[in-house]
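The next block holds one structure in the form of structure tokens; read it before the comments.
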Amino acid sequence: MKLSNIFWDVIVVGGGPAGLSAALVLGRCQRTVLLCDRNTPRNWASKKLHSFLSRDGISPTEFTEISRAELAKYPNVYFYPAEVEDAMAKGHHFQVTLSGGCIARGKKLLLATGVADELPPIPDIENYFGKSVFTCPYCDGWEQRNLPVVAYGQGKRGFELARSLTAWTKDIVLCTDGPKDITPEQQELLEINKISIYEVGISSLRGEKGKLQSIGFKDGHEIPCQALFFNTPCFPQSHLAQKLGCKLVGNYESTNVPGVFLAGNILGDVQLAIVAAAEGAKAAFGINKSLTREEFERAAGDSASGTYLAKNN
Ligand SMILES: Cc1cc2nc3c(=O)[nH]c(=O)nc-3n(C[C@H](O)[C@H](O)[C@H](O)COP(=O)(O)OP(=O)(O)OC[C@H]3O[C@@H](n4cnc5c(N)ncnc54)[C@H](O)[C@@H]3O)c2cc1C
């Protein structure tokens, strides 16, 4: 298929839960959808996706395969495995440039490009990420209930993470990997809740096959630990929203740039896959509503009854 020969109703950038869900709803609205994805999902290291009703514990790869198979039933939805390198508004439509130089044009643009995590600077942490090093207790806290865990983070981030982990276990050490940078009130609250604070840097993660057993510190200390949760800044996976100057402003995940919508973790709301999928569905609703109104009004403008609509709108 030559992508540039089609004037797509919607171009969806990002095929995680948000983009996939949007493509499904739009497909069922009979919209022509180009769904582009470069396959760098946020949960690349995860083995099991939790808290997604009806799919709790599924492998993220299988989740994506099932979702893509569902989309494949809709001939008007086309999945294209490529990166969108650039996007620009051209009058009333959008033009995107895909890796390989291919150009595609669409009436609406949905950015569901997600975020990526900055792993703490601890040697060998990549081998533990997704197995016993996690970002989100809502995703992976249940498996660690009542076990010894480390909350990793500085300042307010570390404090908030340690506090939130108390829903799953009372055996928590807060590691700040440098000055703790918390207020005396926060320190007192941590002490009351029997959470000790280590400011000394972590020197090593110890365990087997990605499963943590203990953590070593630069001063020679070692503590037992079944899981480490971290709260470090995450960053957008793509520059496109920033380049287009998008800010969320209206209903149904619409932005200040007419025709551009946002969905998923990029919005910075609750970072669960099921929420991302819901945001994708909401964006799809807004996009279809907007396209339908435009077509309706254009048809009216093209006919005598246009006067009726113009008067009654
Ligand atoms: C270790 C770990 C475990 C997790 N476990 C869970 C869990 O158990 N339950 C849960 O609910 N959530 C979990 N999450 C969170 C979950 O991964 C996110 O909530 C979810 O992936 C967000 O979906 P999204 O569609 O917004 O973004 P993503 O899933 O990150 O998808 C974004 C997609 O956009 C693509 N993309 C980005 N830029 C471009 C571009 N320019 N061109 C083309 N494609 C592009 C990327 O390749 C990616 O495939 C976990 C996260 C991590 C890090």
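In listed order, ligands and their atoms are each counted from 1. Since the model is a prediction, treat every value here as computed from it, not as a measurement.
- When ring centroids are compared, Tyr138 and Trp168 come within the 6.0 Å threshold.
- Inter-residue side-chain proximity for Leu190 and Glu185 is flagged as unmet; no heavy-atom pair is nearer than 4.5 Å.
- A distance limit of 4.0 angstrom between heavy atoms and ligand 1 selects the residues Val13, Gly14, Gly15, Gly16, Pro17, Ala18, Cys36, Asp37, Arg38, Asn39, Thr40, Pro41, Arg42, Asn43, Ser46, Lys48, Leu49, His50, Ala82, Glu83, Val84, Ala112, Thr113, Gly114, Asp117, Phe129, Thr135, Cys139, Asp140, Gln237, Ser238, Gly264, Asn265, Gln271, Leu272, Ala273, Ala276.
- A 4.5 Å side-chain heavy-atom check between Asn146 and Asp171 finds every atom pair outside the cut-off.
- Asp140 contributes no side-chain N or O that, together with a main-chain N or O of Phe134, makes up a donor-acceptor pair within less than 3.5 Å.
- For the pair Ile103/Gln95, a side-chain contact is recorded, criterion being any heavy-atom separation below 4.5 Å from C-beta on.
- Residues that satisfy the salt bridge (Lys or Arg N to Asp or Glu O under 4.0 Å) test with Lys180, not counting sequence neighbours, are Glu199.
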